[in-house]
K.L.:
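Attaching a single structure in structure tokens format; questions to follow.
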2 protein chains.
Amino acid sequence: MKYIEKLRNSGLRPTKQRLKICQVLFDSEKTFHFTVNDLAKKIKIKIDSNISLATIYNTVHAFEKKGYLKQIPINSSQTYFDTNVSDHHHFYDLNNDKLIDLENSDVGPINIKKKINGKKIKSVEVLVKLED
Amino acid sequence: MKYIEKLRNSGLRPTKQRLKICQVLFDSEKTFHFTVNDLAKKIKIKIDSNISLATIYNTVHAFEKKGYLKQIPINSSQTYFDTNVSDHHHFYDLNNDKLIDLENSDVGPINIKKKINGKKIKSVEVLVKLED
DNA sequence: TTTCTACTTTATAATGATTCTAAAAAGGTG
DNA sequence: CACCTTTTTAGAATCATTATAAAGTAGAAA
């Protein structure tokens, strides 16, 4: 099945639970943003099965480390993840805590002129806060 | 004293504790980044007095709401604040969890081309992740 | 298939930052 | 000073996340 490779690449055995998590994460047409709690609910609804939070955390973190998921840099009580792993940015609507993708092409090139000794840039992420 | 106005502007009475917090936050030559825990330690060392965490949280949040402090958008178990409230950005060194200011002039203009219906932009923040 | 071992899952406990609470203390106005 | 409101504080509560350890499963090898 198509998710086995993704799991193995992430250093995880393809178990029933993990394949179900993959289904919810990667089977949908559109990418989406989620917290671990959101994901747990979605799994319960879509797959009608209870997977323990520990397993979900474990799987999500492995995917994140491997680049199959991205963490969204934002201050919130929960950690937000994105199934869109392309190079892009976010709007954050302060009035309802919703995130909206901002494509790279909608921001234009960002040129970081300052260099830090011995360090290289891993990512450049823009967060645009919105209000009414 | 110079911090009384800042406190009153933030809707807070100038109490002994809050004036001490102001001293540590705003008396230094350079701006700095901190977590509430960092700040509590700094107060203990510099002012040699114990102010309860509840009071520090309360004061920091009031200043943040009023714009005398900024929250730094980043995923971390603790919330990071910045006494530099000018329009600027950050490097985040993943190897040691340290933040470094990135002045606006080191990034160049950022042009957000996408508009969201009925919403206005409150801030545009760039986070540049660094690694060895 | 059977066995064996390492990896998984899970419920539950532990952790740690932040928020809440309620009683005692302090601010500040008259 | 008197009074009332705000504040401080220690400690409890909350809540996301991580750790634990016992029972289950994957998968390689015989």
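Because the structure is predicted, anything quoted here is derived from the model rather than measured. Chain A is the first sequence line, chain B the second, and so forth, proteins listed ahead of strands; every chain is numbered from 1.
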K.L.:
Report the distance from atom CD1 of Ile56(A) to atom C1' of dA11(C), rounded to the nearest whole Å.
P.N.:
14 Å
K.L.:
When you measure from the side chain of Arg8(B) to the backbone N and O of Pro14(B), does any donor-acceptor pair fall under 3.5 Å?
P.N.:
no
K.L.:
On DNA chain C, does the nearest nucleotide to Lys16(B) precede the nearest nucleotide to Asn37(B) from the 5' side, or the other way round? Give the residue.
P.N.:
Asn37(B)
K.L.:
Look at Arg8(A) and dG27(D) and indicate whether a side-chain polar atom (N or O) is within less than 4.0 Å of OP1 or OP2.
P.N.:
yes
K.L.:
Ignoring hydrogens and geometry, is there a side-chain-to-backbone donor-acceptor pair from Lys119(B) to Asn95(A) under 3.5 Å?
P.N.:
no
K.L.:
Tell me the interatomic distance from Asp38(A), atom CG, to dA16(D), atom P, rounded to whole angstroms.
P.N.:
11 Å
K.L.:
Counting only side-chain heavy atoms from C-beta out, which of dT17(D), dT18(C), dT9(D) sits nearest to Val36(A)?
P.N.:
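For the Val36(A) side chain, the nearest candidate turns out to be dT17(D).
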K.L.:
Report the nucleotide, chosen from dA10(D), dT7(D), dG27(D), that has the shortest atom-to-atom distance to any side-chain atom of Arg13(A).
P.N.:
dG27(D)
K.L.:
If I take atom CD1 in residue Ile21(B) and atom P in nucleotide dT9(D), what distance separates them, rounded to the nearest angstrom?
P.N.:
9 Å
K.L.:
Please tell me which of the listed nucleotides, dT19(C), dT10(C), dT9(D), lies nearest to the side chain of Ser52(B)?
P.N.:
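Looking only at heavy atoms from C-beta outward on Ser52(B), the closest nucleotide is dT9(D).
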K.L.:
Given atom CD of Gln71(A) and atom C1' of dA16(D), what is their separation to the nearest angstrom?
P.N.:
13 Å
K.L.:
Round to the nearest Å and state the distance from Tyr80(A) atom OH to dA16(D) atom P.
P.N.:
11 Å
K.L.:
Looking at the side chain of Gln78(A), which of dG27(C), dA16(D), dA17(C) is the nearest nucleotide?
P.N.:
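It is dA16(D).
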K.L.:
Would you indicate which nucleotide in dT10(C), dT9(D), dT8(C) comes nearest to any side-chain atom of Gln17(A)?
P.N.:
dT10(C)
K.L.:
When all nucleic acid strands are considered with a 4.0 Å heavy-atom cut-off, which category describes Thr79(A): base, sugar-phosphate, or nothing?
P.N.:
sugar-phosphate
K.L.:
Taking only residues two or more places apart in sequence, or in another chain, which ones meet Lys2(A) in a side-chain hydrogen bond (donor to acceptor under 3.5 Å, both in side chains)?
P.N.:
Asp27(A)
K.L.:
Remember a base hit wins even if backbone is also touched, and classify Ser77(A) as base, sugar-phosphate or nothing at under 4.0 Å, heavy atoms.
P.N.:
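Answer is sugar-phosphate: Ser77(A) comes under 4.0 Å of backbone atoms only.
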K.L.:
Would you mind telling me which of dT9(D), dT19(C), dA26(C) lies closest to the side-chain atoms of Ala54(B)?
P.N.:
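Ranking dT9(D), dT19(C), dA26(C) by closest atom to the Ala54(B) side chain puts dT9(D) first.
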K.L.:
If I take atom NZ in residue Lys41(A) and atom C1' in nucleotide dA16(D), what distance separates them, rounded to the nearest angstrom?
P.N.:
14 Å
K.L.:
Is there a side chain to side chain contact (heavy atoms under 4.5 Å, CB included) between Ile4(A) and Leu7(A)? Walk through the geometry before answering.
P.N.:
CA-CA 5 Å; Ile4(A) 292 179; Leu7(A) 285 164; 5.7 Å; no
K.L.:
Counting side-chain heavy atoms from CB outward, which of dA10(D), dC7(C), dT19(C) is closest to Tyr57(B)?
P.N.:
dT19(C)
K.L.:
Does OP1 or OP2 of dT17(D) have a side-chain N or O of His61(A) closer than 4.0 Å?
P.N.:
no
K.L.:
Please state whether the phosphate of dT9(C), meaning OP1 or OP2, lies under 4.0 angstrom from any side-chain nitrogen or oxygen of Thr15(A).
P.N.:
yes
K.L.:
Roughly how many Å is it from CG in Asp97(A) to C1' in dA16(D), rounded to a whole number?
P.N.:
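After rounding, the gap between these two atoms is 15 Å.
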K.L.:
Going through the checks in order, is the side chain to side chain contact (heavy atoms under 4.5 Å, CB included) test met by Leu130(B) and Ile121(A)?
P.N.:
CA-CA 5 Å; Leu130(B) 297 176; Ile121(A) 290 175; 3.9 Å; yes
K.L.:
From the options dT10(C), dT8(D), dA6(C), select the nucleotide whose nearest atom is closest to the side chain of Asn58(B).
P.N.:
dT8(D)
K.L.:
Under 6.0 Å from the NZ atom of Lys115(A), do we count more than 12 heavy atoms belonging to anything else shown?
P.N.:
yes
K.L.:
For the side chain of Ile51(A), counting heavy atoms from C-beta on, which of dT10(C), dT7(D), dG27(D) is nearest?
P.N.:
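That would be dT10(C).
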K.L.:
Using a cut-off of less than 4.0 Å, is there contact between a side-chain N or O of Arg18(A) and OP1 or OP2 of dT9(C)?
P.N.:
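Yes.
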K.L.:
Output the rounded distance in Å from CD1 (Ile43(B)) to C1' (dT8(D)).
P.N.:
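Distance check: Ile43(B) CD1 to dT8(D) C1' gives 14 Å.
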K.L.:
Side chain of Pro14(B): nearest nucleotide among dG28(C), dT8(C), dC20(C)?
P.N.:
dG28(C)
